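Structure first, then comments.
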Protein chains: 2
Amino acid sequence: MKKITSQQQRVLDCIQIYLKKTGFPPTRADICKELGFKSPNSAETHLRALEKKGFISIESGTSRGISVNNQNNSFGGDEYPVIGLVAAGSPTLAEENIERTINCPKSFFESGFDYFLKVRGLSMKDAGIMEDDLIAVKKTTDVKNGDIVIARLDDEVTVKFFNRKSSNIVELEPANEDFENIIINLENEQLHIEGKSVGLLRKN
Amino acid sequence: MKKITSQQQRVLDCIQIYLKKTGFPPTRADICKELGFKSPNSAETHLRALEKKGFISIESGTSRGISVNNQNNSFGGDEYPVIGLVAAGSPTLAEENIERTINCPKSFFESGFDYFLKVRGLSMKDAGIMEDDLIAVKKTTDVKNGDIVIARLDDEVTVKFFNRKSSNIVELEPANEDFENIIINLENEQLHIEGKSVGLLRKN
DNA sequence: AAAAATACTGAATATATGTACAGTATAATA
DNA sequence: TATTATACTGTACATATATTCAGTATTTTT
């Protein structure tokens, strides 16, 4: 997906807001009215650019024949980013790390959450967390023993049970006997808690 | 809401299917084409009737200006019932079986779904399905080998992998070595497929 | 039994709408 | 430096589309 310009983003937003409000897509004239353009061709060229970049589809010769190419375009809740569990670096919300977004209500997971993390590997399989599952992550450092945490050790990001053994010793425990516990002495090593799991989403 | 006639229901269905497929509502001519009418006025009168009865709204003078009046749009998505996995009886959508409802977008699970089923027991734990997880169930009898199905044997409802061994023999396979496969001879026993799992939701 | 609603065909028309063509200007890219 | 993409105004026109009018027939409601 090529990058979108700010004006093209305005047009795309306009289409989605219009759709949400009326239930059908806008005409070129509608877009002009909303965004203050004075020629229908202004909207037309933006639409062509958005189509070329893959953001929308246009049915030729069809009135209001615009459809937004977003698989989950329900609008109404919020868009939450899905972040791949990158081996190196923290799962930031930088655009290059966002695989896609999922629309769901704010209150979907009781305590609220910030993003979805796509799971790699089976180190938490006995906790029912499988490959490609999406963990709903709440960004917080306030974690208790037994919480499933998203932790970063150096540049490695992992999902594990959290266990504080003493003020300096933290144990990261997998839920799979094929994996070993990770014991961290906070005096020697840096442990960064990105957040904790507050839910899980799986699509078959 | 006044009662709808069968032909009006066909027109309403047509609008919704067209919307889902194209992303924008149909014209009168589109409806005629889909339903075999020969005059655009056939569609027009049905639309007027549907509007009068409150099922749709029509924006006058506007091409494709049809919007479906979805009563339960508490925010974009729909309310989906959560049904407890009752030991006896089928997980019907009768009110007494509905524990609560969850609001989420229609397209949340790729192929669409009908309700959430709350899981009891750990018979599918190696498939990452844990106690109290919510399985997104799509009501269908069209299941393939390897699908996770919601099956009813007599009055017992279970979630298992589906495996058709021969035209008369079906195997229901758990994902937990502590449980045994269930082998059903369709000549002797009744097997009812309630639907299949299309996703999973867990709240910590 | 009369009136209203349902369920169509068929033709006609005003207008809503997509879209092409002719310009102007600036920023980004090769 | 030339070229392409972006970002517009403005005019024009073919056609896509809503909508009205004139009928016919059956069913439902009053």
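Lettering of chains follows the sequences in order, A, B, ..., and the numbering in each one begins at 1. As the structure is a prediction and not an experimental result, all values here were calculated from the model.
Checking side-chain atoms of A/Asn69 against main-chain N and O of A/Ile56 turns up a donor-acceptor pair under 3.5 Å. With hydrogens and angles ignored, the 3.5 Å screen pairs a side-chain donor or acceptor of A/Asp147 with a backbone N or O of A/Lys144. Remark: side-chain polar atoms of B/Arg64 are paired, donor with acceptor, to backbone N or O of B/Pro25 under 3.5 angstrom.
Both B/Gly36 and B/Thr62 lie close to DNA chain C; mapped to their nearest nucleotides by heavy-atom distance, the more 5′-ward contact belongs to B/Gly36. Sequence order on DNA chain C of the closest nucleotides to B/Gly61 and B/Gln7 puts B/Gln7 first from the 5' end.
With a cutoff of under 4.0 Å to any heavy atom of chain A, the contacted region of DNA chain C is bounded 5' to 3' by C/dT17 to C/dA22.
Nucleotide D/dT19 holds its P atom 7 Å from the CD1 atom of B/Ile58, rounded to whole Å. Here the P atom of nucleotide D/dA18 and the CD atom of B/Glu59 are 13 Å apart, to the nearest Å. The distance between atom NE2 of A/His46 and atom P of D/dA5, rounded to the nearest whole Å, is 14 Å. If you measure from atom NZ of B/Lys33 to atom C1' of D/dA16, you get 13 Å, rounded to the nearest angstrom. Whole-Å rounding puts the B/Ile15 CD1 to D/dA18 P distance at 11 Å. In this structure, B/Asn41 atom CG and D/dG23 atom C1' are separated by 11 Å, rounded to whole Å. Here D/dA18 presents its C1' atom at 13 Å from CD of B/Glu51, a figure rounded to the nearest Å. The CD1 atom of B/Ile4 sits 17 Å away from the C1' atom of D/dT28 (whole-angstrom rounding).
For residues 172-181 of chain A, every residue pair satisfying the side-chain hydrogen bond (donor to acceptor under 3.5 Å, both in side chains) rule, not counting sequence neighbours, is listed here: A/Asn163-A/Glu173, A/Glu171-A/Asn181.
In this structure, the nucleotide among D/dT6, D/dT19, D/dT17 sitting nearest to the side chain of B/Arg64 is D/dT17.
Using a 4.0 Å heavy-atom distance criterion, A/Arg10 is classed as making no nucleic acid contact. Using a 4.0 Å heavy-atom distance criterion, B/Thr5 is classed as a sugar-phosphate-only contact.
Judged as a side chain to side chain contact (heavy atoms under 4.5 Å, CB included), and not counting sequence neighbours, the contacts of A/Ala175 are A/Met124, A/Asp126, A/Ala127, A/Phe161.
Scanning both residues, B/Gly128 and B/Asp133, for their nearest heavy atoms gives O-OD2, 3.8 Å.
Here the side chains of B/Leu172 and B/Ile184 are in contact, with some heavy-atom distance below 4.5 Å.
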